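Notes for the one structure printed next.
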Amino acid sequence: MQRAESAPKPQSFDRVLSSMCTPPHPDAREAAERFLATNPGDPATYAGVAELEERAIELLGEIASLAEPHGYVASGGTEANIQAVRAARNLTAGDVNVVAPESAHFSFRKAAELLGVELRLVPTVDGRADLAALEAAIDAETALVVAVAGTTEYGRVDPIPEIAALAEERDVRMHVDAAWGGFYLPFADREWSFADARIDTMTIDPHKLGRAAVPAGGFLAREQRTLDALAVETPYLESRSQISLTGTRSGAGVASTVAACEALWPDGYREEYERARANAEWLAEECAARGLDVVEPELPIVAADVPEVSFDALREAGWRISRTGAGELRVVCMPHVTRGVLERFLADLDRYVTGS
Ligand SMILES: *Cc1c(COP(=O)(O)O)cnc(C)c1O
């Protein structure tokens, strides 16, 4: 049967400037469709996709410089962050707290609430974790320190080796949230990976910059005992235990992760990073030339101070844009945000903001 003209359609990405998702790579789309009816949550029954998941973790480990990676493909960064907190809690006796910079993603608030741990958010300096503030917040009950490699708001990278050294000194576990930044960072000359620091766990999401289909998040651990700390018994499945937070999981996410990584790692991801970086620098200059206050991009996210009325007019014109907590307009340079898209955006910006 032919698909009706009136079949529901997703949005176009033409004017999406503030999302951290992007159209999947063609190979990833195709793999996702093939594996729609598979469940890696039941590996004994769905053995093919379970094997693919091992490959996915191997590839994510390669990207994050972890030679013998442990982990699984989660539903997203939220689940991976919850699991990092949960593992730390389960491996630490007594009441525990988690110390994180205030730039940490809101999923840590969910994690803290769900798991009954105290979340200590400490101030940042220029959008990055402040080492002295983190140190002051750590006490005998701290189970985990979180650092962010590519903050959601500004794309900032925390001083990860220094934070990891502090965590080691205080005998606290260390988690890096690279949910968004993980696929740009291998090319960005930053210290963020398992090779750069003594990191216990990492979040790295294929469904953001990895160009896999939604949902595909990545949870990586240096040691098997971290996964063991997450296992619950599963009496009526063929397999005996399960580490994921969700039960039935997306085989499409797993298969599309492998397909995207095999198509793009490393050269394709490098090219996407270079293009995004050039676009972000260009956009930042163009905004500054129009007299707007611009936050210097570190990873390719541009934040610029645009008056409220103009922001609303741009939204009216169909631009999908969001604001930072401080009120700046935020443009995330994803693969679909091409120079042509940004040129059209600037033309509208001129119409609605600078009035030229
Ligand atoms: C997007 C994001 C998350 C949450 O990931 P979801 O896939 O939306 O659950 C967590 N941390 C960071 C840094 C992110 O950018």
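Hydrogens, waters and symmetry mates are skipped; everything else that's a heavy atom, side chains included, is used. Residue numbers run from 1 in the order of the sequence given. Whatever order the structure lists ligands and atoms in, that order sets their numbers, starting from 1. A quick note: this is a predicted structure, and the numbers were derived from the prediction, not measured.
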Assess whether a salt bridge exists between Arg55 and Glu51, defined as any Lys/Arg side-chain N lying under 4.0 Å from an Asp/Glu carboxylate O. no
Regarding ligand 1, does Thr78 bring an N or O atom to under 3.5 Å of one of the ligand's N or O atoms? yes
Carboxylate-amine/guanidinium contact Arg351 Asp348, below 4.0 Å: yes
Below 3.5 Å, N or O to N or O, backbone or side chain included: is there any such pair between Thr151 and ligand 1? no
Could you pull out, from His105, Glu79, Lys208, the option with a heavy atom nearest to atom 15 (O) of ligand 1? Lys208
Out of Pro206, Gly77, Cys21, who gets a non-hydrogen atom closest to atom 5 (O) of ligand 1? Gly77
Counting only heavy atoms, tell me which of Asp177, Val214, Val148 gets closest to atom 11 (N) of ligand 1. Asp177
With atoms numbered from 1 as shown, which atoms in ligand 1 lie under 4.0 angstrom from a non-hydrogen atom of Gly76? 7 (O), 9 (O)
Roughly how far apart are Arg86 CZ and Leu245 CG, rounded to 0.5 Å? 6.0 Å
Hits for ring-ring contact (aromatic ring centres under 6.0 Å, His included) against Tyr46, two or more places apart or cross-chain, chain-then-number order -> none
Between the side chains of Arg270 and Glu274, is the shortest nitrogen-to-carboxylate-oxygen separation below 4.0 Å, so that they form an ion pair? no
For ligand 1, find out whether one of its N or O atoms is nearer than 3.5 Å to an N or O atom of Ala179. no
Ligand 1 atoms nearer than 4.0 angstrom to some heavy atom of Thr152 are 12 (C), 13 (C), 14 (C), 15 (O)
Would you say Arg109 has more than 12 foreign heavy atoms packed within less than 6.0 Å of its CZ? no
Provide the number and element of each atom of ligand 1 under 4.0 Å from a heavy atom of Met20. 15 (O)
Can you name the atoms of ligand 1, numbered from 1 with element, that are less than 4.0 Å from a heavy atom of Asp205? 5 (O), 7 (O)
Side chain Glu153, main chain Gly325, donor-acceptor under 3.5 Å: yes
Ligand 1 versus Asn81: contacting region, heavy-atom distance under 4.0 Å: side chain
Inter-residue atom distance Met202.CE - Ile63.CD1, 0.5 Å rounding: 11.0 Å
Identify, by atom number and element, the atoms of ligand 1 in contact range of Trp180, meaning under 4.0 Å from any of its heavy atoms. 15 (O)
So, 4.0 Å and heavy atoms of His207: is ligand 1 close enough to count as a contact? yes
Could you measure the distance from the CZ atom of Arg222 to the CG atom of Asp200? Nearest 0.5 Å is fine. 7.0 Å
